[in-house]
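I have placed the structure first, in the form of structure tokens, so that the comments after it can refer back to it.
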Amino acid sequence: MLLDSRKAIVTGGNTGIGKASAQRLAREGASVCVNYYSDQEAEGADQLAAELRQGGAPKAIAVQGDVGREQDVVRLVSQAAEELGGLDLLVNNAGIEKQIPLLEMGLADWSAVLQTNLTGAFLCLREAGKVMAGAGGGVIVNMSSVHEFIPWPGFAHYCASKGGIKLLMETAARELAPKKIRVLNIAPGAIITPINKFVLDDPEQEHAVESEIPLGRMGSAEEIAAAVAWAASAEAGYITGTTIVVDGGMSLYPKFV
Ligand code: NAI
Ligand code: BGC
């Protein structure tokens, strides 16, 4: 198994890519803390933790927390480290998006996306990094996006947050390398998850998205989870400070002639 006896937190770990990652990490032998956002999600997250234990995870817990709130993140990381018996893997996955034309974007719209996607990633990285530094190392995998480098009209706040994660990751990789902490990004293309409901509910939009992808289809959460598990493992032990793109070729700009 790739991640035998590793101890991981997956933020936003109860749906979509986070859930598939939690499941894959557990199958690879890791203990997993599934972070979820709201009290309404508690039952589902507890159920997922139970499934992970049945599926072979030595330990699995579910912990509520808003990644954009400092006190929540401090509590999340210390509870995870205490109950899992350490922490050597963070999957910084929680994220939100909402289409809004730039000139109509309110400060609250902008701030909500930056607070979750970028500040949340920073807070989790900082708190988890402290534990890893004290314990001799670890791995931080950020879920960025092809929009860390592809501009996307209507999503300026989202692109700014993912572009921000790129340089946060690169800087953190340099700063934390002496502490034996690897930091890298996974950049998914269009993946079938709840965040893309607005596309999946509209056959025309879905077709338009598929036509942007050389492989001709959206990806699955499990295809991203596979990259997360590998990137976190010793197999990827020489990889830090870079982005692994998993996008069916979307970033090759297939419409460019
Ligand atoms: P999703 O909507 O299923 O997952 C997002 C998760 O983040 C949810 O569980 C949500 O409750 C959680 N979350 C939101 N705000 C939070 C907060 N403040 N604190 C804690 N958790 C919070 O969608 P998906 O696709 O699984 O998204 C996961 C990540 O992957 C996001 O960062 C997203 O930007 C990124 N991504 C998704 C792509 C896609 O096509 N689905 C492509 C590229 C990146
Ligand atoms: C977004 C998805 C979008 C994908 C490709 C992701 O970052 O979350 O909604 O389908 O990028 O554009």
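The basis for the numbers below is simple: all heavy atoms, side chains too, and nothing from hydrogens, waters or symmetry mates. Ligands are counted one by one from 1 in listed order, and the atoms in each one are counted from 1 as well.
- Counting protein heavy atoms only, atom 5 (C) of ligand 2 is closest to His147 NE2, 3.5 Å.
- Note: an N/O pair closer than 3.5 Å links Thr193 and ligand 1 by distance alone.
- Summarising the geometry of Ile165 relative to Ser144, their closest heavy-atom pair is CG2-CB, 4.1 Å, with the distance given to 0.1 Å.
- Ligand 1 lies within reach of Tyr158, whose nearest heavy atom is under 4.0 Å from it.
- Look at Lys19 and you'll find every heavy atom at least 4.0 Å from all atoms of ligand 1.
- Atoms of ligand 1 lying under 4.0 Å from any heavy atom of Gly65, numbered from 1 in the order shown and given with element: 19 (N), 20 (C).
- Screening Glu148, Glu170, Lys166 for a side chain to side chain donor-acceptor pair (under 3.5 Å) involving Thr243 leaves a single residue, Glu148.
- Taking a distance limit of 4.0 Å, we find that atom 39 (C) of ligand 1 is approached by some protein heavy atom.
- Distances below 4.0 Å separate heavy atoms of Ser145 from the following atoms of ligand 2: 6 (C), 7 (O), 11 (O).
- Atoms of ligand 2 found under 4.0 Å from any heavy atom of Ile195, numbered from 1 in the order shown, are 8 (O).
- Among protein heavy atoms, the minimum distance from atom 9 (O) of ligand 2 is reached at Asn196 OD1, 2.6 Å.
- Close N/O approach between Val146 and ligand 1 is not found [any backbone or side-chain N/O within under 3.5 Å].
- For Val67, a nitrogen or oxygen atom sits less than 3.5 Å from a nitrogen or oxygen atom of ligand 1, counting backbone and side chain alike.
- Per-residue contacts place Ile96 under 4.0 angstrom from the following atoms of ligand 1 (heavy atoms of the residue considered): 14 (C), 15 (N).
- A perpendicular orientation is assigned to the rings of Trp152 and Tyr158, their planes being inclined by more than 60° (bins at 30° and 60°).
- The proximity of Glu41 to ligand 1, defined as any non-hydrogen pair under 4.0 Å, is limited to the side chain.
- The part of Ser144 lying near ligand 1 is the backbone, judged by heavy-atom distances below 4.0 Å.
- Contacts between Ile192 and ligand 1, counted as non-hydrogen atom pairs separated by less than 4.0 Å, are absent for every part of the residue.
- If you check which protein heavy atom lies closest to atom 4 (C) of ligand 2, you get Gly189 O, 3.5 Å.
- Residue-ligand proximity, Gly16 to ligand 1, at heavy-atom distances under 4.0 Å covers atoms 3 (O), 26 (O).
- Ligand 1 lies out of reach of Ala221, whose nearest heavy atom is not under 4.0 Å from it.
- Residue Thr116 touches ligand 1 through its side chain alone, judged by heavy-atom distances below 4.0 Å.
- Distances shorter than 4.0 angstrom occur between a heavy atom of Lys162 and an atom of ligand 1.
- The shortest contact between atom 1 (C) of ligand 2 and any protein heavy atom is with Glu97 OE1, 3.0 Å.
- Under 4.0 angstrom from ligand 1, there are no non-hydrogen atoms of Asn117.
- Using a 4.0 Å cutoff on heavy atoms, Lys162 does not count as a contact of ligand 2.
- Heavy atoms of Met250 found under 4.0 angstrom from ligand 2 belong exclusively to the side chain.
- For the ligand labelled ligand 1, residue Gly219 lies outside the 4.0 Å heavy-atom shell.
- No more than 12 heavy-atom neighbours from other residues, nucleotides or ligands sit within 6.0 angstrom of NZ on Lys180.
- The side-chain heavy atoms of Val67 and Asp72, taken from C-beta on, include no pair separated by under 4.5 Å.
- Residue Ala190 has at least one heavy-atom neighbour below 4.0 Å for each of these atoms of ligand 1: 40 (O).
- Residue Trp152 places no N or O, backbone or side chain, under 3.5 Å from any N or O of ligand 2.
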